[in-house]
Every structure is written in C-alpha cells, then in structure tokens.
Amino acid sequence: MTRTNTLSDLLDQLSSLQGTITNSPDIAKLNEILQMIKADGQELNYLFSQGVNRLYPKVVAIHNLNNKVFALAQGLLDRLN
C-alpha cells in the first residue's frame, strides 16, 4: 500500500488476504476490519460531499461579489482617465 492507493484498493487487498487465511478467528477479525473500513469510508465520503455542497454557494457568492467590485473599480479608473 502507498499513499496513492484508494480505499477500494485497500479493500481489494484485504479481501485477497482473507482468501489466503485458514485460521477461522483471523478471518472473523479480518471481516470486522473490512466492515469498519467500509463504514468509515462511507462516512468520510458523506462528510466531504456535505462540506463541498455547503461551501459551493459561498464561493459563488464571493465570486459574484468580486466581479461587482472589479467592475466598480474599473468604472472608477475609466472616469479618472
């Protein structure tokens, strides 16, 4: 695993590892690990999407305000010239 691996990569590798383990208690623990990673990944995806959804309108409002300020500044500069 490296930093560039995705959550899917990790889950695939853990699933492959699970197929090579013959010790039943280890398989049970690996199943628990897989379920926790999946649940955490889903929660992170939800939180990230909620953050992006909340941030977007604010960025749009700031962008629109900036455009108005730039237009006002340009108008003032034009009058000075």
Side-chain angles (χ1 to χ4, degrees):
M1 292 296 298
T2 66
R3 288 186 201 189
T4 59
N5 290 107
T6 64
L7 181 58
S8 293
D9 294 336
L10 173 62
L11 292 171
D12 288 344
Q13 289 184 20
L14 286 172
S15 293
S16 295
L17 175 63
Q18 186 178 21
T20 65
I21 296 174
T22 57
N23 182 339
S24 185
D26 288 343
I27 291 173
K29 286 290 182 194
L30 192 53
N31 279 332
E32 288 180 41
I33 291 169
L34 286 167
Q35 294 310 312
M36 285 187 276
I37 291 172
K38 286 178 183 178
D40 290 349
Q42 290 169 346
E43 183 67 20
L44 285 172
N45 282 337
Y46 171 77
L47 291 173
F48 181 74
S49 71
Q50 289 302 304
V52 169
N53 289 336
R54 289 183 183 152
L55 179 62
Y56 180 78
K58 291 171 178 68
V59 170
V60 169
I62 290 169
H63 175 72
N64 291 336
L65 178 63
N66 283 341
N67 284 339
K68 290 177 183 176
V69 169
F70 296 150
L72 176 63
Q74 185 63 53
L76 291 173
L77 286 173
D78 291 345
R79 287 188 182 253
L80 290 174
N81 290 333

Show the atom names and distances, to 0.1 Å, of all donor-acceptor pairs under 3.5 Å that link a side chain in residues 49-60 to residues at least two apart or in another chain.
| unit_1 | atom_1 | unit_2 | atom_2 | d |
| --- | --- | --- | --- | --- |
| S49 | OG | N45 | O | 3.4 |
| S49 | OG | Y46 | O | 2.9 |
| N53 | ND2 | S49 | O | 3.1 |

All side chain to side chain contact (heavy atoms under 4.5 Å, CB included) counterparts of N31, not counting sequence neighbours: Q18, I27, L34
For N67, side-chain hydrogen bond (donor to acceptor under 3.5 Å, both in side chains) partners two or more places apart: H63
I62: hydrophobic cluster co-members (side-chain, 4.5 Å): none
Which residues share a side chain to side chain contact (heavy atoms under 4.5 Å, CB included) with K29, sequence neighbours left out: E32
side-chain hydrogen bond (donor to acceptor under 3.5 Å, both in side chains) involving D12 - partner list, sequence neighbours excluded: none
Contacts of I37 that satisfy side chain to side chain contact (heavy atoms under 4.5 Å, CB included) - sequence neighbours left out: L7, L10, L11, L14, I33
Using residues 71-80 as the side-chain source, report each donor-acceptor pair under 3.5 Å to any protein atom, sequence neighbours left out, with the distance given to one decimal.
| unit_1 | atom_1 | unit_2 | atom_2 | d |
| --- | --- | --- | --- | --- |
| Q74 | NE2 | D78 | OD1 | 3.0 |

Which residues share a side-chain hydrogen bond (donor to acceptor under 3.5 Å, both in side chains) with D26, sequence neighbours left out: N23
